[in-house]
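Quick notes on the structure that follows.
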Amino acid sequence: MGSFDLVVQQDMTILVYANSPLYEDMRQALQRFAQLVKHPAGIHTFKMSSITLWNAASAGMESEEVIALLEQYASTPVPLKVKQDIQLWMGRYGLFTLEGEEGAGILELTCTDRAVLERMIQDGELGLMFSGRMSEHTAWVQAKHRGRLKRDLARAGYPVLDRVGYREGERLAFSLAETIAEGKPFELRSYQQEAIQAFVGSEQVLGGDGVVVLPCGAGKTVVGIGAIAALQSETLILTSNATSVKQWKSELLKKTTLREDQIGTYTANEKQVRPITISTYQMMTFRRPDEEEWIHMRLFHERNWGLLIYDEVHLLPAPVFRTTADLQAARRLGLTATLIREDGCEQDVFSLIGPKRYEKPWKQLEQEGWIAKVHCVEVRVGMEGHLSECYHTASERDKARLAGENEQKEQVVDRLLKRHSSEPTLIIGQYLNQLKTLAERLHIPLMTGKTPQEEREELYRQFRSGQIRQLIVSKVANFAVDLPDATIAIQISGSYGSRQEEAQRLGRVLRAKADGRDAYFYSLVTDQSKEQEFARKRQLFLLEQGYTYDVMKGEGVYEADGAIEHASEGES
């Protein structure tokens with residue numbers, strides 16, 4: 001091992017020697033057009049796909065640049081087929097262009113390849129959306145099919161460059177605040193300004209729709225607010241839960257000149273439709289058991305929205321995707337920490353919300369001091385005799401739960417809490433019985449999906465103020481929960497191999513600390529179990545971002561001379 005730095009394989013995978021002195025340079029280069037899919041010790045495997053290459057193309061990369069980067073680091077010749085596939089997929093970005101006047105009933109779809117256009121027109125399903133030919137390279141499409149056409153062409157392997165334009169929406173005049181709490185000056189950070197400009201567009205760069213990717217704690221909400229201010233139009237914001245709805249409203253009131261009567265919240269408790277309206281995906285997908293209609297989908301058409309913001313866009317549910325296909329006349333902004341979707345619908349995000357407009361590497365934000373430095377530690381916890389016997393005779397599904405609920409993890413949590421007794425700490429888990437047992441034994445408040453909203457907000461307030469230093473949370477803490485002072489996160493169980501969840505949970509401690517202290521993310525994993533396999537998959541996205549996991553044995557975690565002693569296995 002170590003005889004190569006990087007090898008490109010016929011199937012578009014890229015093997016990278018993790019201990020190469022060039023690894024960091026290679027990782028940063030590959031991050032622009034490939035995705036990490038495996039990381040066994042010593043070798044990391046990246047994969048190029050149509051979506052990763054289309055996103056690279058939308059960011060301005062050319063196929064020649066991608067091939068040149070691979071050849072720069074490759075220890076063996078890059079296969080000809082791979083070069084051809086890169087040229088094929090990236091060449092398809094911009095092959096189809098949709099043009100016309102916004103508001104017109106008919107749009108023009110132009111394809112530089114006449115044969116491809118002809119094939120699409122003759123397709124049994126796609127062909128139904130065409131209304132005739134304008135020329136050998138251009139066909140007419142009814143405007144009502146704008147979203148569906150883009151989605152279906154992307155699924156067929158052909159992304160559409162949408163240049164039709166967007167309605168302005170009802171005008172909403174306001175400005176960003178100059179000062180916030182206690183007269184503290186407020187201004188957008190440099191990367192937030194870059195993200196907004198990349199979305200809104202300029203004379204040099206076509207804007208209009210798309211996704212901004214930034215880690216938790218980097219101010220994605222502020223980017224959304226900045227985009228609304230730049231467009232000065234009425235906006236519908238969809239987010240993941242009621243807590244996030246209140247956070248958005250609070251941030252809008254604090255960081256803009258908007259009045260409270262200009263901001264509405266559309267939730268189970270109140271249904272206000274105002275120039276800025278904030279709702280949840282759950283509201284949009286709610287329907288009564290005896291009805292087929294999504295009764296709140298009409299919110300999309302309640303006002304002349306100029307902008308739709310999809311917060312945590314990686315959670316966008318399928319019914320909202322279908323509605324989004326009909327809302328192409330409004331600008332669409334997706335905000336997320338990771339474009340990974342465990343359901344594989346990244347292609348629909350690309351075609352219906354838009355391409356990746358802006359991404360800032362997590363480690364770069366850390367180096368610049370915008371987010372905290374986080375130490376990631378995987379703690380391997382052994383199985384006692386009885387659990388080991390049950391585990392080895394259990395079904396595959398039961399094995400995952402038995403490993404996740406391993407009682408030995410409680411002792412490790414005890415030791416970690418003693419080690420970080422003065423630090424604000426979140427204990428996050430998947431299994432409610434496990435969390436309830438831990439909460440009762442340690443006398444720590446527990447928050448789950450059944451915790452009333454008022455009680456949740458009181459727990460958040462107490463955690464922020466320091467009244468409570470430790471909080472146990474279920475999956476409700478995965479998304480859009482503002483716990484700015486969390487320094488320690490202890491993950492005792494998770495949703496199988498969810499990369500998305502791992503990134504969100506680490507995000508709970510990413511916000512930069514006022515005193516500059518580092519944060520710690522501990523992931524407790526039952527040794528020699530399926531949970532260990534899941535952990536390897538869960539870590540992929542964070543490893544791709546440049547994080548490394550120290551591996552330590554559970555029995556090695558103890559308080560001694562103010563330092564954690566551990567036996568590192570040198571894995572990353």
Side-chain angles (χ1 to χ4, degrees), residues 211 216 220-221 224 235-252 263-274 276-303 305 307-327 330 332-343 345 348-349 352-353 428 430 432 447-457 459-460 473-483 494-495 498 500-501 503-505 507-508:
V211 179
C216 303
K220 293 189 294 297
T221 303
T235 301
L236 173 63
I237 302 166
L238 296 181
T239 189
S240 58
N241 55 51
T243 299
S244 185
V245 169
K246 294 195 174 184
Q247 286 173 213
W248 268 94
K249 182 174 181 178
S250 174
E251 288 289 282
L252 282 161
I263 305 171
T265 56
Y266 193 95
T267 63
N269 296 326
E270 55 185 1
K271 294 176 177 58
Q272 307 163 332
V273 181
R274 293 176 178 170
I276 302 285
T277 299
I278 314 160
S279 189
T280 66
Y281 295 131
Q282 291 92 327
M283 285 298 296
M284 293 298 97
T285 55
F286 173 79
R287 63 182 175 188
R288 296 186 179 93
D290 57 342
E291 296 180 3
E292 292 186 6
E293 183 184 359
W294 313 98
I295 63 176
H296 299 299
M297 285 289 188
R298 62 178 183 270
L299 181 60
F300 280 110
H301 306 285
E302 286 278 340
R303 298 181 77 102
W305 309 115
L307 175 63
L308 304 174
I309 294 180
Y310 300 90
D311 193 18
E312 308 286 6
V313 72
H314 57 277
L315 298 175
L316 194 65
V320 180
F321 266 134
R322 289 196 290 272
T323 303
T324 294
D326 297 327
L327 292 167
R332 299 167 308 286
L333 171 61
L335 300 172
T336 184
T338 164
L339 271 172
I340 291 168
R341 285 182 63 99
E342 305 300 343
D343 62 3
C345 285
D348 285 346
V349 173
L352 296 178
I353 306 301
I428 311 173
Q430 166 85 356
L432 292 181
M447 186 176 68
T448 72
K450 294 184 179 180
T451 305
Q453 190 63 34
E454 289 184 6
E455 186 179 337
R456 291 189 198 190
E457 290 174 9
L459 287 172
Y460 295 153
V473 289
S474 68
K475 292 178 67 173
V476 296
N478 285 1
F479 314 112
V481 176
D482 185 16
L483 295 169
S495 301
S498 174
Q500 183 190 100
E501 184 177 77
Q504 292 289 333
R505 289 182 173 182
R508 302 281 70 84

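Both backbone and side-chain heavy atoms feed into the values below; hydrogens, waters and symmetry mates do not.
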Quick one: closest heavy-atom pair of [X] and [Y], and the distance?
X: A503; Y: T338; value: CB-CG2, 4.3 Å
X: R508; Y: Q504; value: NH1-O, 3.2 Å
X: L432; Y: S474; value: CD2-CB, 4.0 Å
X: L339; Y: V211; value: CD2-CG1, 3.8 Å
X: K220; Y: T336; value: CD-O, 3.4 Å
X: A330; Y: W305; value: CB-O, 3.9 Å

When rounded to the nearest 0.5 angstrom, what distance separates [atom1] in [X] from [atom2] in [Y]?
X: T267; Y: N241; atom1: OG1; atom2: CG; answer: 11.5 Å
X: S244; Y: D311; atom1: OG; atom2: CG; answer: 5.0 Å
X: I309; Y: R332; atom1: CD1; atom2: CZ; answer: 13.0 Å
X: Y266; Y: I278; atom1: OH; atom2: CD1; answer: 14.5 Å
X: T448; Y: E455; atom1: OG1; atom2: CD; answer: 8.5 Å
X: T277; Y: E302; atom1: OG1; atom2: CD; answer: 8.5 Å

| request: Determine, stepwise, if the pair L238 / L308 fulfils side-chain contact (heavy atoms from CB on, under 4.5 Å). | output: CA-CA 8 Å; L238 296 181; L308 304 174; over 6 Å; no
| field | R274 side-chain N/O to T265 backbone N/O, donor-acceptor pair under 3.5 Å | value |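 Checked: no pair found.
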| request: Keeping the roles fixed (side chain from R456, backbone from M447), state whether a donor-acceptor pair exists under 3.5 Å. | output: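 The answer is no, because no donor-acceptor pair under 3.5 Å joins these two groups.
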| query | Can you check side-chain contact (heavy atoms from CB on, under 4.5 Å) on I237 and L252, steps first, answer last? | reply | CA-CA 12 Å; I237 302 166; L252 282 161; 4.2 Å; yes
| task | Evaluate side-chain contact (heavy atoms from CB on, under 4.5 Å) for T243 paired with Q247, printing each intermediate quantity in order. | result | CA-CA 6 Å; T243 299; Q247 286 173 213; 3.4 Å; yes
| Taking atom CD of E270 as the centre, does the number of heavy atoms from other residues, nucleotides or ligands within less than 6.0 Å exceed 12? |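 For E270, atom CD is crowded (more than 12 foreign heavy atoms under 6.0 Å).
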| By side-chain hydrogen bond (donor to acceptor under 3.5 Å, both in side chains) - contacts of S495 (at least two apart) | Q430, K475, E501
| Can you name the side-chain hydrogen bond (donor to acceptor under 3.5 Å, both in side chains) partners of E457, sequence neighbours left out? | K246, Q453
| task | Decide yes or no for L316 and I353: does some side-chain heavy atom of the first lie under 4.5 Å from some side-chain heavy atom of the second? | result |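 They are in contact (side-chain heavy atoms under 4.5 Å apart), so the answer is yes.
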| Can you find a heavy atom in the side chain of T280 that is under 4.5 Å from one in the side chain of V245? | yes
| said: Apply side-chain contact (heavy atoms from CB on, under 4.5 Å) to residues Q500 and L315 and explain how you reach the verdict. | reply: CA-CA 10 Å; Q500 183 190 100; L315 298 175; 3.6 Å; yes
